[in-house]
Amino acid sequence: MILSRRTFLGAAATGLAGAVSAVVAAPLGAQDGKPTMSGPMDEGAYKPVTRPARAGAAPSMTDDARDALEHRIHCQCGCTLDVYTCRTTDFTCPVSPSMHRDIAQLVAGGYSADEIIQAFQGAYGDKVLMAPPRVGFNWAGYTTPFVVLAVGAVGVAVLMGRWRRRPAPAGLAAPVAAPVGLAATPDELRRLADAVRRDDPE
Amino acid sequence: MILIGELSLWVALLVAAWATIVSFAGGALKRADLVASGERAVYATWGFVVLAAAGLWTALITHDFSLRYVASFTSANLPFVYTLTAFWAGQAGSMLFWCLILTTYSAIAVFTNRTQNRALMPYVAGTLGAITLFFLATMCFGQNPFERLDWIPPDGRGMNPQLQNPGMAIHPPNLYLGYVATAVPFAFAIAALITRKLDGEWLAAVRRWALVSWFFLTVGITLGMWWAYVELGWGGYWMWDPVENASLLPWLTGTAFLHSIMIQEKRGMLRKWNVTLVVSTFLLAILGTFITRSGVISSVHSFAQSPVGNWFAGLLIACVLATSYLVATRLQDLQAHAELESMVSREAAFLYNNLLLVGIAFSVLWGTLFPILSEAVRGTKITVGPPFFNAVNIPLGLLLLALTGVGPLIAWRRASVSNLRRQFAVPLFGGVATLVLLLALGMRQPEAVLAYALSGFVATTILQEFYKGVGARRRMHGEAAPVALVRLVARNRRRYGGYIVHAGVVILFCAFAGLAFKRENDVTLKAGESFETKDPYGHTWRFVSQGLSVDTKLNRRIVAVALKPTRDGRPMPLIESEKRQYFDSRQSDTFEPATAVGIQEGLQQDVYVVLAGVLADETAEVRVTFNPLVWWVWFGGMTMAIGGLIVMWPQAGRRRESGYAAVMEPAAVGTP
């Protein structure tokens, strides 16, 4: 299908308007201020996440499991790291040690990993997780790449099927383009054919 | 010199505008004099940009703090090498660096095509001129590296400590060399679309440029991983940061193009697809630049927020519109007679490979932009970090690894059952044997086991190809095995260089899989205290703190902790990690304290020590991480780069070679 110039320009103008408005509306994060590993530090980002310890509570997990849990929780200082990595890397960050203390207290209070995650989500929202929870619209995030790949695979299969059925028209019987830069003599080409036959017997 | 540099920037702007206008006009009006003038203007632009670059370097070296750029990114006591590399440490300087590379590439492209591709060259020169014009205009009217301050500060602010690292001195130039090289194939694609000369001619012209871009991106990405690993101190080398992703995107589509170009060369197919890939690769390079410079997405590598991001958004939109229009109005010319004899053929394998590479590129782009989409749709901020990217990309990456082994085993046009059986028998055995061995050894991490089993399969494929090639040469020429191996590679660079790239991919996947066995320890130690732990291989390590020390070196004050390790009771070299507070020539602190990681490198694993903090009673907070197989990441990346270098190295002896080499040559068109 060939688009007319008018159709194309009409569609382009609509797209341009949308794209420009999207760019203008896009939030531009400030880059000034006290830096973290990835941007400005937001020292006021910390929100206490506390719960009373359960009666007779024992720690709900080992230190290793707690560290693994901290890897799932995003430090809110403005960096792109999880709580464990930030607090053991950037010793100027005041946020990750506080978040770590909250996690440690909840673990000591007998709360499970899921309960701790929910408590943090309640305080900070979904952004506190290193990956979006697999619910609602977020499923689009997880599935779209595979859907696109599947659609692409179907497209390739259809295309290949069409290519297989299509007979070569007269005059285009030998569509093989010579490899660039190859200047082979007829004798060399004959030997090539022999070599291919030896290598790939039908 | 500084004034000359500043003036040169403005003159370059005018000359680039001239190059753009007369080149396009010369092409449209078929006026040889205008075309020649346009090409001369390309050379002249390069000359003026070189002068501008020399001006900025002069300002940096002479510490001319009257320039905002020099005062913002250097200080009088900054080591000389970093004073030089400050050229690309900030927004305006890095734009000039982009421009310097772009005009150099443009001049080379015009010079090397002075007797060939003449129908395309007016538009190639015009397109490259237009891109250069954009960068020069962005600098002259947006971020001018020669902007002067109202007063002259006694010293500059200094360079961000994270940039004072050898990796940062060479990683950005390599990435820039890779990014900018995508502009030349893009210019040829635009020229081919405008002139409707969409046969193989333009592809032959861009193949080497695509390889140059791929090579530098590979080196740049690998060096970037190394820099992140040794400098940032978080213990890894890839965190799926938006800017890391931005460098990966053009690499993925560029790799897809280097495979699909072979189908057009051999079979005349995929014309539209190849144009799309070339254009997409350039647009993704621009998108990456937009992401880095706009501040739209927070990233570890971002430049300061500036209006330059909007300029790049404009360029991106303009390029999308222009190329969409050209492609849409030339669909008829892009039609090719495509005939596929079998779905089990090398061509089909390359199609699957392209599908996966582009699919991975899409998933990386999707994950990078999904936070913006989520906020726009739901009004909710989310974080898309490594767990998301790993969940989506590990399965796709493993599929791609499998295809890396399958592709070379399938014949062009049609693979017979007997051919498949013969070709696949040994590699499949290699893969299954690896799988059984690992399971017998007790490895139970499914993704790691699969990655190693597939690596076994692909490695055996590569070895089989080399074995067959060497065997054939030995039979026909009676050469000794080492001689046959060297000549095999030297005379079939495209094929066997490609296999070396594939070997690098296998090494990388094996190294990535090592992350599944990473072990971290978070401890506090006073002088003389120790702690004991086991590494992933089961060895017992004991670390004894030698206490904290304080020192001053060059432009920094240092607090360091030293750990004396033993492995299974055997003493190992001392490991030291530092916190550095940088200061300027007036002893005033600059920037926040930075970490210097202590790394004991090994082929099996790295022992990675970070001084995370110091408590009041001189207790050191230390993270000790065992990172298996990290050395192999650098080795794998460099193996890929060497393979790429072999592929793109000119085949000087090709025409002299006769007989057998000529016979092998067509079959050699099998890998990038």
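Note on naming: letters A, B, ... go to the chains in the order of the sequence lines (proteins, then strands), and numbering restarts at 1 for each one.
Note: W366(B) leads F370(B), W366(B), F389(B) in heavy-atom pairs under 4.5 Å with chain A. Heavy-atom pairs under 4.5 Å with chain A were tallied for N393(B), V622(B), V392(B), L356(B); the largest tally goes to V392(B).
Side-chain contact between P132(A) and T383(B) is absent, with no heavy atoms from C-beta onward closer than 4.5 Å. Looking at heavy atoms from C-beta onward, R72(A) lies out of side-chain contact with P387(B) at the 4.5 angstrom threshold. Inter-residue side-chain proximity for M262(B) and R207(B) is flagged as unmet; no heavy-atom pair is nearer than 4.5 Å. Within the 4.5 Å cutoff, the side chain of L611(B) has no heavy atoms near those of the E621(B) side chain. Using a 4.5 Å heavy-atom cutoff, the side chains of M269(B) and Q264(B) are not in contact.
Pairs passing the side-chain hydrogen bond (donor to acceptor under 3.5 Å, both in side chains) check and including a residue from residues 127-139 of chain A, sequence neighbours excluded, read N138(A)-R378(B). Pairs engaging residues 98-110 of chain A under the side-chain hydrogen bond (donor to acceptor under 3.5 Å, both in side chains) rule: Y46(A)-D102(A), E70(A)-H100(A), R87(A)-H100(A), S98(A)-R101(A) [sequence neighbours left out].
Using modelled atom types and a 3.5 Å distance limit, the side chains of N390(B) and W240(B) yield a donor-acceptor pair. No side-chain donor from either of K518(B) and T625(B) sits under 3.5 Å from a side-chain acceptor of the other. Side-chain N/O atoms of R623(B) and T89(A) include a donor and acceptor closer than 3.5 Å.
Interface remark: V614(B) contributes backbone atoms only to the contact with chain A (heavy atom separation under 4.5 Å). Of the atoms belonging to L396(B), it is side-chain heavy atoms, and not backbone ones, that fall under 4.5 Å from chain A. Of the two parts of A594(B), neither the backbone nor the side chain holds a non-hydrogen atom closer than 4.5 Å to a non-hydrogen atom of chain A. Contact annotation for A157(A): only backbone heavy atoms (N, CA, C, O) come within less than 4.5 Å of a heavy atom of chain B. Of the atoms belonging to N521(B), it is backbone heavy atoms, and not side-chain ones, that fall under 4.5 Å from chain A. Contacts of E347(B) with chain A are absent, with no heavy-atom separation under 4.5 Å from either backbone or side chain.
Ring-centre distance between W412(B) and F350(B): below the 6.0 Å cut-off.
Taking a 6.0 Å sphere around NZ of K272(B), one finds it holds more than 12 heavy atoms contributed by other residues, nucleotides or ligands.
For residues 112-123 of chain A, an interface with chain B (any heavy-atom pair closer than 4.5 Å) does not exist. Within residues 141-152 of chain A, the residues having any heavy atom under 4.5 Å from a heavy atom of chain B are, by residue number, G141(A), Y142(A), T144(A), P145(A), F146(A), V148(A), L149(A), G152(A).
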* To do: Apply the test side-chain hydrogen bond (donor to acceptor under 3.5 Å, both in side chains) to residues D522(B) and T88(A): give CA-CA distance (whole Å), side-chain angles for both, the deciding distance (0.1 Å), then the verdict.
  => CA-CA 7 Å; D522(B) 177 22; T88(A) 56; 5.9 Å; no
